[in-house]
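Here is how names work: the chains are called A, B, and so on, in the same order as the sequence lines, proteins then strands, and each is numbered from 1. Values in this document were obtained by computation on a predicted structure and should not be read as measured data.
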2 protein chains.
Amino acid sequence: MEVKTAVTALAALAQESRLSIFRLLVPAGRVGMPAGEIAEALDIPPATLTFHLKELTYAGLIDSQREGRSIRYSIREEGVCELFTYLLLDCCNGQPELCGGSCGPKNRRGKR
Amino acid sequence: MEVKTAVTALAALAQESRLSIFRLLVPAGRVGMPAGEIAEALDIPPATLTFHLKELTYAGLIDSQREGRSIRYSIREEGVCELFTYLLLDCCNGQPELCGGSCGPKNRRGKR
DNA sequence: TCCATAATTCCATAATATTAAAAATGTCGT
DNA sequence: ACGACATTTTTAATATTATGGAATTATGGA
């Protein structure tokens, strides 16, 4: 993954509605959620939601599939994985205390 | 960490210059790098660099410390860690195949 | 104090993103 | 084919962010 791809993906997540959409879709897994349900859950008008869904799609973070009159959106695991790998491995390799689960207990100084 | 904080941090990284600054600072570790050196390494004019450094600082991703006439910037581990934890644990918990190192070999279908 | 260096603030401009109403499109049941 | 519903496209106003030149502030040495 190159910088521009990562920037696109990060930009897609760097917006409250879109981050909420993303976080709503993660637990929905492969099953995903129809647009209308997302709109209702997050109280976003349809035209606005479509705009954000397109951004996420363009960034490779979600997928969609028509199902009757609804369109069902779901997390695109491959894209999410690539981004996280880029951040975790390419950025943080050699600095595992930045990311490695524990969040560096030895880094916590004077914070109790 | 709440959504707005995460959005601020993601937005800070969602820009090519800033992501490059971030990636330049990670291997520099706690030692960090003076602004001038960053400007030279990435070929960014001083005024522009300052703007981006402020964004990253505001987002809690980097720290700074004056050292003689230079100001030395370095990764703020705590902030980075919080963001990654938010994305990895809060988002991906229960969906470890999204993030867990392996990037789900069993998810790769028909892509060879 | 005066100079050179390092970085920031100020400012105007340009570029990009967000929002949502209105119209259009696609899909199903009848 | 028609009507009801789900979603998208178009469009335009509004807001936010990026850029870099010029002036300013901070620091250390002579």
Pairwise side-chain contact, A:L61 with A:L25, heavy-atom cut-off 4.5 Å (strictly under):
no
Contact under 4.0 Å: B:Q15 side-chain N or O vs C:dT16 OP1/OP2:
no
Atom NE2 of A:H52 to atom C1' of C:dT19: distance rounded to whole Å?
8 Å
Mapping A:E67 and A:A47 to their closest nucleotides on DNA chain C, which lands nearer the 5' end?
A:A47
Would you mind classifying the nucleic acid contact of A:S70 as base, sugar-phosphate or nothing, using non-hydrogen atoms under 4.0 angstrom?
sugar-phosphate
Nearest-neighbour nucleotide for the A:T48 side chain, C:dA20, D:dT7, D:dT19 considered
C:dA20
Separation of atom CZ in A:F51 from atom C1' in C:dA22, rounded to whole Å
18 Å
Watson-Crick or G-U counterpart of D:dA30, or none if no pair lies under 3.5 Å
C:dT1
Expressed in angstrom and rounded to an integer, what is the separation of A:Q65 atom CD from D:dT8 atom P?
14 Å
Gap between atoms CZ and C1', on B:R69 and C:dA7 respectively (whole Å):
12 Å
Please classify the nucleic acid contact of B:P46 as base, sugar-phosphate, or nothing, using heavy-atom distances under 4.0 Å.
base
Just compare C:dT19, D:dA26, C:dT8 and give me whichever is closest to any side-chain atom of B:L53.
C:dT8
Just N and O in the side chain of A:R66: are any of them under 4.0 Å from OP1 or OP2 of D:dA6?
no
Would you call B:R30 and B:S74 a side-chain contact if the rule is heavy atoms closer than 4.5 Å?
no
Quick note, B:K54 side chain, CB onward, closest among D:dT19, C:dT9, C:dA22 is C:dT9
Ignoring hydrogens, what is the shortest heavy-atom contact between B:A59 and B:A9? Give both atom names and the distance.
CB-CA, 3.9 Å
Within this structure, what is the CG-to-P distance between A:L13 and C:dT18, rounded to whole angstrom?
12 Å
Figure out the OH/C1' separation between B:Y58 and D:dT17, and round it to whole Å.
14 Å
note: A:E55, atom CD; C:dT16, atom P; distance rounded to Å ~ 13 Å
Side chains of A:I21 and A:L49 in contact at under 4.5 Å (non-hydrogen atoms)
yes
Please state whether the phosphate of D:dT8, meaning OP1 or OP2, lies under 4.0 angstrom from any side-chain nitrogen or oxygen of A:Y73.
yes
Quick one: CG on A:L24 to CE on A:M33, what's the gap to the nearest 0.5 Å?
4.0 Å
For A:R72, answer base if it contacts any base atom (sugar-phosphate contacts may also be present), sugar-phosphate if it contacts only those atoms, and nothing otherwise; contact means non-hydrogen atoms under 4.0 Å.
nothing
B:E40 CD to C:dA7 C1': how many Å, rounded?
15 Å
Among C:dA7, D:dT7, D:dT19, the one nearest B:A35 by side-chain distance:
C:dA7
